[in-house]
There are 2 protein chains.
Amino acid sequence: MGFLGNAPHLDGLLERLECAEGLEDLQIAIEDLRDSYGVDHMVYHWVSSSGEQYGCGTYPLDWINRYVEKGYLRIDPVVSGCYQRFHPVDWKRLDWSSKAARAFLQDAIGHGVGNQGFSIPIRGPNGQFALFTLSTTCSDAEWEEFTETNRRDLILLAHYFNQKALEFEPGRAPDPAQPLSPREIEAMTLLAIGYNRAQAADTLSISEHTLRVYVESARFKLGALNTTHAVARALSRGLIVV
Amino acid sequence: MGFLGNAPHLDGLLERLECAEGLEDLQIAIEDLRDSYGVDHMVYHWVSSSGEQYGCGTYPLDWINRYVEKGYLRIDPVVSGCYQRFHPVDWKRLDWSSKAARAFLQDAIGHGVGNQGFSIPIRGPNGQFALFTLSTTCSDAEWEEFTETNRRDLILLAHYFNQKALEFEPGRAPDPAQPLSPREIEAMTLLAIGYNRAQAADTLSISEHTLRVYVESARFKLGALNTTHAVARALSRGLIVV
DNA sequence: CGTGCCCTCGCCATTTCCGGGGAGGAGGAT
DNA sequence: ATCCTCCTCCCCGGAAATGGCGAGGGCACG
């Protein structure tokens, strides 16, 4: 358990971050940051559009493995809560009402994650979604003061971290992020809001066959196995909005 | 044409921004900011999920009208360029190679937009995308120095602007967000990653019919018209993650 | 102890989707 | 001028999804 240190000088931190040349440097940087801020854990992680998880941080390895094995990504209130928000959020303000969520929290604390947490959602191109998280064990009042004091610096840190991570992202190559044509976007959007092909074609005033061509083309561009998959990918890559 | 002023004190700016209670206050704030930074124009604008454009800023009204009428949104290299990026970008670094883009730039400058520009992309939940832009008329060197100096403060300003804008956004209405059962989440997730019903049922070691029941149940809870619609809704509500 | 929700399974008819063909015109980019 | 992408339209057969019928056991909450 750390004792929350004084806010370190941001310029130096950002400068060192900007020199990072690989994920290893980010890992070193985040460990230093953790020490500078005097918190137990600092983590940056994200899910690529292909579903793989990447990240760096100071969580114990067995907790990370457990998280992945148990599929905690799908029930973690931090993830689902931040996914709906734009601004940073204190873990206490998330919805822990479900049984699974409380069990998850117990498990997390049992593996060394702090009882306090503060997570900043970050969104990038193509639906990229990342989280920059601080966690420690302390009182509510202490944590409140700490997060209020450092909120702005942490937002910037999250921003720069993500910028670096995007540079290094391994899935940059197999994820060409091929753009959809306007018609394809319209077609996919209509399907995403529940229209069937006949309705969608009617809405666009084109034949159903033409609409199919768009959907097939979009499916191909997105590397999707079927229409539902294509819509899901288009959504999570931010190519369409519902 | 302004002469680039010294960086104003960020704390005061952000505090006043946090007091804003409506779009009108944001408009006042952005005008003050423009004056504080000594640039010609400062603009924040975004496209809502329903496709409508909102914003506030200091562009001349006839330029804004022309922008909307001519559908410049679709050819503006600032928009399309920032849509692919995460970090702030100087307009000079964008792709102005197409004929339409150069004509657009001429038109913009002719309507009082500066020859220099700096735009920060911002992304929020549900595919929200916004731009925070500064523009002025000055030399490349001056602009370079100005943006380098104020880069971090501007990122924070953009962040806080967007946070306020999200609060004010109309149609932030009810999102009942009925929870899905664990099995339903698993089923929907498998469909979202491209499995067909047989594969998904096999993966979950249940009969295909049982899987169908989950999907139907989820579809009902989500108020969706079909499976694709249900997956789209589950995704955009953050109930499943792909 | 009923009521409701969750999990599990089966059959049938109808609708819809999928994937494989082919074909022509319009517009922009090199 | 030529290539490429986009937009538009058409046919067909097999595969998959949908909707509606039914059934039973478990678990929790009041």
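Lettering follows sequence order; numbering is per chain, from 1.
Between B/Glu184 and the choices B/Arg212, B/Lys221, B/Arg219, the salt bridge (Lys or Arg N to Asp or Glu O under 4.0 Å) rule is met once, by B/Lys221.
Computed from coordinates, the B/Asp95 CG to C/dG28 P distance equals 17 Å when rounded to whole Å. Between the C1' atom of C/dC17 and the CG atom of A/Leu191 lies a distance of 11 Å, rounded to the nearest Å. In this structure, the CE atom of B/Met188 is 15 Å from the P atom of C/dC6, given to the nearest Å. Rounded to an integer number of Å, the gap from CG of B/Asn226 to P of C/dC18 is 11 Å. Rounded to an integer number of Å, the gap from CD of B/Glu208 to P of C/dC12 is 15 Å. Between the CD atom of B/Gln199 and the P atom of D/dA15 there is a distance of 15 Å, rounded to whole Å. At whole-Å resolution of the value, CD in A/Glu186 and C1' in D/dC6 are 13 Å apart. Atoms CG (A/Leu190) and C1' (C/dC17) sit 17 Å apart, rounded to a whole Å.
For A/Ser181, a side-chain nitrogen or oxygen approaches OP1 or OP2 of D/dC7 to under 4.0 Å. Here A/Thr210 does not reach the OP1 or OP2 of D/dT8: none of its side-chain N or O atoms lies under 4.0 Å away. Taking only side-chain nitrogens and oxygens, A/Lys221 comes nearer than 4.0 Å to OP1 or OP2 of D/dC6. Applying the 4.0 Å criterion to OP1 and OP2 of D/dT8, one finds that A/Arg183 has a side-chain N or O inside that range. Between A/Arg197 and C/dT16, a side-chain N or O to OP1/OP2 separation shorter than 4.0 Å is absent.
A donor and an acceptor atom never sit less than 3.5 Å apart when one is taken from the side chain of A/Arg212 and the other from the base of C/dG21. Residue B/Arg219 places no side-chain atom within donor-acceptor reach of the base of D/dG19, judged by atom type and a 3.5 Å distance cut-off alone. B/His209 contributes a side-chain N or O that forms a donor-acceptor pair with the base of C/dC9 under 3.5 Å.
No more than 12 heavy-atom neighbours from other residues, nucleotides or ligands sit within 6.0 angstrom of CD on A/Glu21.
Note on A/Leu225: only backbone sugar-phosphate atoms sit closer than 4.0 angstrom, heavy atoms only; bases stay farther off.
Residue order along DNA chain D, read from the 5' end via each residue's closest nucleotide, puts A/Ser217 first among A/Val213 and A/Ser217.
Side-chain contact of A/Ser119 with A/Trp91: a donor-acceptor pair under 3.5 Å is present, judged by distance alone. Side-chain atoms of B/Asn162 and B/Tyr44 form a donor-acceptor pair, as typed in the model, at a separation below 3.5 Å.
Rounding to the nearest 0.5 Å places CZ of B/Arg123 at 13.5 Å from CZ of A/Phe129. Here B/Ile240 contributes atom CD1 and B/Leu180 contributes atom CG; the two are 8.0 Å apart, rounded to the nearest 0.5 Å.
When distances run from any side-chain atom of B/Ser207 to the nucleotides D/dT8, C/dG10, D/dA17, the shortest one goes to C/dG10. Out of D/dG19, C/dC17, C/dC18, the shortest distance to the side chain of B/Glu216 is found at D/dG19. If you check D/dT8, C/dC7, C/dC18 against the side chain of B/Pro182, the one that comes closest is C/dC7.
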